Amino acid sequence: MSTLEHDGLVSLLASLGAEINSSAIDSSKTRLYSRPTDIYRVYLAHIISKLLKCEASLVLDSIQTTSTLARGDLVIPVPRLRIKVNNPNDLAIELAAGFPDSHTFFLKPVAAGIHLPIFFAPSTLSRLLLPYIYQRGGSYGNDSSAGLNNKPVTAPRKKVIVEFSSPNIAKEFHAGHLRSTIIGAFTANLYSAMGWDVVKVNYLGDWGKQFGLLAVGRKRFGSEEELTREPLKHLLNVYARINALFKPEQDASRQARDQGLDTAEIESQGLYAERNEFFRRMEDGEPEALALWQRFRDISIDRYTSTYARLNVGFDEYSGESQVKPSSVALVESILKEKGLYTEQDGSWAIDFAKYGYKGLGLAIVRGRTGTTTYLLRDVAAVLEREKKYNFDKMIYVVSCEQDLYFKRVFATLELMGRSDLVSRLQHINFGKVMGMSSRLGNVQLLGDILDQVGTAMHEVMQRNAAKYEQVPDPEGTAEIVGISAVMVQDMSGKRINNYPFDITRMTSFEGDTGPYLQYAHVRLHSILRKANLTHADLAKHVEEKPDALDADLHKQHCVDLLRLMAQYPDVTTTAFGNLEPSTILTYLFRLTHQLSSFYDVLQVVGAKEGRDVMLARAALYEAARQVLENGMRLLGLSPVERM
Ligand code: ARG
């Protein structure tokens, strides 16, 4: 029977000799069907509440996970029990003394200062955890268990919009877009693992005066042939060339502004005039102007889509600044005017945030002097549109910390418009810079180029080990996937907000906490089964049918430690769901793989002298570890390879 259902879970617990407290199983504070540690929490709370003569649910709140196995599997910091005592250390000692001497699930604890560290009993761990993991397979670590406790599903699924990547057409795909793509895809995966409906939106920079300039550039430098062959490169090129011609004019205008002079005169001539005129025509919806822009946009999206696929990333919607409707923009402006928030400023319209007590937000132009919309105005209008279209519970913007101030302004504008309710559902997930990516990669400006270069570097690293290299069925394809893992793991290793240097040598190395190391750990686990001629299904069956045989070998300390670590995985995904830090998952995966690397010599599968049951128990353990590693890698957006 399956532990995914109430009766199955109860009967497994009964078979382990644990008394069942049915009311505890239905507790809303626990997620017994997705987090095995919660099963332990329920039993622990029960024991402690009996000792303290208090409600078990009060105790539940005080049980925490640990950061290292040496500190236990769970820990109760005694002050968190909120019981009035003179000395919490004494209470910890008292609780330890009152704890049952032997228990199905726990070793008898020893107080450590104000803490009561709790260790899981090795005797039942494998028999509880392995079926639990095998029955969940690729969903182990997810939390979409609402309704599994034999009660009807009451809460409808929640909806989140994750907006990420969002490059600008005809401009470089820079490190900020790369990070947004990686972190955004992770965020979307995580929400969907946690049972949310996710809408992935790419908000292209596909509108604005730069399109006017691009159109002007096309008249001079455009080539139909190149546009069909390499559209993204060609548009970049055209833009770069026209921009070089434009720069002196722009500098002159800046200089004038710095001197406090009126720039209108300068901007009414030359390329300025041509650019503004074209963009004006676009904003007026003139068919000819729009057709050209539409073509550039379509070709670009087409190319982006195939490049994102290399990263396992897909979008539900390619929206963009161009898609914001004039009626939504008008709505925003009418509210701003009606509320007296809009002030005229040298012919443009602005909000002076300082006036409304927003420190540091200054004044922001909302509609430009030539009458065209701004980035800010379009973004605010887009929020209202998406609210209508999707009725989202949450919307997340994954954008570089360079736009921190900008997003504060977007949110403040909505607040001033009286939409605090909406702002409370919005979140800007930011991240730091990648140092030296473009200089280290040479003249690389597109996502495809970045991936190509790293793939090539990875291929070279793999070739250095000729013996292994020869056994890889598709070396180029593998180098591409592992190279992408290299880039992604380097990106997700630290806290999002940290800057990091783009270091190809380091990221493609098999040593240290890198993508290739993680892939290699997966390959190694995978090869154990292959060499033993066993399949995942064989082991799932063994775990199901001969649970007692698992104990033959898996009570040994290092097996126990591995199991303990695997039990924590769903808690780790829960933590990551709280902080939206990919490093939370990655750090855990490295703990797991480090633990494993000390294993292989001690715990052999093929050639285990102790007999078939021991061999199967070990293989089942390795395969469960591989499953957890795979789940974590997939959550991060990595594709685990099987040979390398
Ligand atoms: N295209 C913008 C850029 O490259 C990022 C867009 C971020 N999203 C938004 N809703 N403003 O800087």
Side-chain angles (χ1 to χ4, degrees), residues 160-185 187-188 199-211 213-214 232 235-236 239-240 243 279 293 296-297 300-301 303-304 307-308 313 315-325 328-329 332 351 361 364-366 373-390 392 394-414 419 422-423 425-434 437-438 445-447 450 496 580:
V160 63
I161 296 180
V162 184
E163 190 217 272
F164 63 106
S165 198
S166 309
N168 303 320
I169 290 178
K171 286 200 182 162
E172 177 195 8
F173 191 100
H174 56 64
H177 299 126
L178 178 67
R179 294 208 74 186
S180 173
T181 309
I182 295 172
I183 297 168
T187 307
V199 183
K200 290 175 280 181
V201 172
N202 194 330
Y203 184 69
L204 297 170
D206 59 357
W207 201 248
K209 293 196 179 131
Q210 76 270 23
F211 277 89
L213 193 60
L214 184 66
L232 297 182
L235 293 181
L236 261 173
Y239 190 78
N243 205 31
F279 184 50
W293 157 85
F296 288 169
R297 183 177 196 269
S300 300
I301 291 179
R303 287 302 164 109
Y304 280 131
T307 315
Y308 285 130
V313 173
F315 290 91
D316 299 300
E317 185 183 313
Y318 278 89
S319 102
E321 294 176 45
S322 68
Q323 305 300 299
V324 181
K325 293 192 199 76
S328 320
V329 169
V332 170
I351 301 177
L361 298 199
I365 306 290
V366 180
T373 59
T374 57
Y375 183 45
L376 177 66
L377 181 52
R378 295 190 284 269
D379 246 326
V380 174
V383 178
L384 301 186
E385 272 180 16
R386 291 177 193 174
E387 180 193 28
K388 260 224 202 105
K389 180 165 179 192
Y390 292 110
F392 56 83
K394 196 171 169 92
M395 176 152 69
I396 294 176
Y397 296 92
V398 187
V399 186
S400 151
C401 67
E402 289 173 74
Q403 296 192 28
D404 280 359
L405 170 65
Y406 172 74
F407 277 100
K408 283 190 188 135
R409 284 175 168 166
V410 173
F411 298 170
T413 305
L414 286 158
R419 296 305 313 272
L422 193 48
V423 176
R425 286 181 267 152
L426 307 179
Q427 188 178 4
H428 171 208
I429 296 288
N430 63 0
F431 50 80
K433 289 192 186 125
V434 186
M437 185 172 94
S438 30
Q445 291 172 309
L446 296 170
L447 177 58
I450 301 169
R496 280 187 273 110
L580 299 182

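Both counts, for ligands and for their atoms, begin at 1 and track the order of listing. Please read these numbers as outputs of a predicted model, since none were measured by experiment.
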*Asks:* Please say whether His174 places an N or O atom under 3.5 Å from an N or O atom belonging to ligand 1.
*Replies:*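 The answer is no, given that His174 and ligand 1 share no N or O pair closer than 3.5 Å.
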*Asks:* Do ligand 1 and Ser166 have nitrogen or oxygen atoms that lie under 3.5 Å from each other?
*Replies:* yes
*Asks:* More than 12 heavy atoms of other residues, nucleotides or ligands under 6.0 Å from NZ of Lys200: yes or no?
*Replies:*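 Atom NZ in Lys200 is packed in, count exceeds 12.
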*Asks:* Just need the protein heavy atom nearest to atom 8 (N) of ligand 1, so name the residue and atom and give the distance.
*Replies:*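 Atom 8 (N) of ligand 1 sits closest to the protein heavy atom Glu163 OE2, 2.8 Å.
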*Asks:* Please check whether Tyr203 reaches ligand 1 - meaning an N/O of the residue sits under 3.5 Å from an N/O of the ligand, judged on distance alone.
*Replies:* no
*Asks:* Out of Phe315, Phe431, Tyr203, which one pairs with Phe164 under the ring-ring contact (aromatic ring centres under 6.0 Å, His included) rule?
*Replies:*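 That would be Phe315.
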*Asks:* Looking at Asp379, which atoms of ligand 1 are within less than 4.0 Å of one of its heavy atoms?
*Replies:* 9 (C), 10 (N), 11 (N)
*Asks:* Is there a side-chain contact between Tyr397 and Phe411, using heavy atoms and a 4.5 Å cut-off?
*Replies:* yes
*Asks:* Any atom of ligand 1 sitting under 4.0 Å from a heavy atom of Lys171?
*Replies:*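 Flag not set, Lys171 not near ligand 1.
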*Asks:* Pull out every atom of ligand 1 sitting under 4.0 Å from any heavy atom of Gln403, numbered as shown with elements.
*Replies:* 3 (C), 12 (O)
*Asks:* Short N/O distance, under 3.5 Å, between Glu321 and ligand 1?
*Replies:*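 No: no nitrogen or oxygen of Glu321 is under 3.5 Å from one in ligand 1.
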*Asks:* Identify the protein heavy atom lying closest to atom 6 (C) of ligand 1, giving its residue, its atom name and the separation to 0.1 Å.
*Replies:* Tyr375 OH, 3.3 Å
*Asks:* Number the atoms of ligand 1 from 1 as they appear, then name those within less than 4.0 Å of a heavy atom of Asn168, with their elements.
*Replies:* 1 (N), 2 (C), 3 (C), 4 (O)
*Asks:* Given Asp206 and Tyr318, is the side chain to side chain donor-acceptor pair (under 3.5 Å) satisfied, shown in steps?
*Replies:* CA-CA 11 Å; Asp206 59 357; Tyr318 278 89; over 6 Å; no
*Asks:* Using a strict cut-off of 4.0 Å, indicate which atoms of ligand 1 neighbour a heavy atom of Val399.
*Replies:*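 Counting from 1, the qualifying ligand atoms are 7 (C), 8 (N).
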*Asks:* Answer yes if the side chains of Asn202 and Tyr304 hold a donor-acceptor pair under 3.5 Å, and no otherwise.
*Replies:*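 No pair is found: no donor N or O on one side chain lies under 3.5 Å from an acceptor on the other.
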*Asks:* Between Phe173 and Pro167, which heavy-atom pair has the shortest distance, and what is it?
*Replies:*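 Scanning both residues completely, I find the closest heavy atoms to be CD1-CB, 3.8 Å.
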*Asks:* Is a side-chain donor or acceptor of Arg425 paired with a backbone partner of Met395 at a separation under 3.5 angstrom?
*Replies:*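 No, the answer is negative, given that no donor and acceptor are paired below the 3.5 Å cut-off.
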*Asks:* Do Lys389 and Glu317 meet the salt-bridge criterion of a basic N to acidic O distance under 4.0 Å?
*Replies:*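 Looking at Lys389 together with Glu317, the answer is yes, because their closest N to O distance falls below 4.0 Å.
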*Asks:* Under a 4.5 Å cut-off applied to non-hydrogen side-chain atoms, are Ser438 and Glu172 in contact?
*Replies:*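 In short, these two side chains touch, coming nearer than 4.5 Å.
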*Asks:* Can you check whether Leu414 reaches Leu384 side chain to side chain, under 4.5 Å on heavy atoms?
*Replies:* yes
*Asks:* Check each atom of ligand 1 against the heavy atoms of Tyr397 and keep those under 4.0 Å away; list them by number with element.
*Replies:*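 Counting atoms of ligand 1 from 1, those under 4.0 Å from Tyr397 are 10 (N).
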*Asks:* Tell me whether Tyr406 has any N or O atom under 3.5 angstrom from an N or O of ligand 1.
*Replies:* no
*Asks:* Using a 4.0 Å cut-off to any heavy atom of His177, which atoms of ligand 1 qualify?
*Replies:*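 Those atoms are 3 (C), 4 (O).
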*Asks:* Please classify the Phe164 to ligand 1 contact at 4.0 Å (heavy-atom distances, strictly less than): side chain, backbone, both or neither.
*Replies:* neither
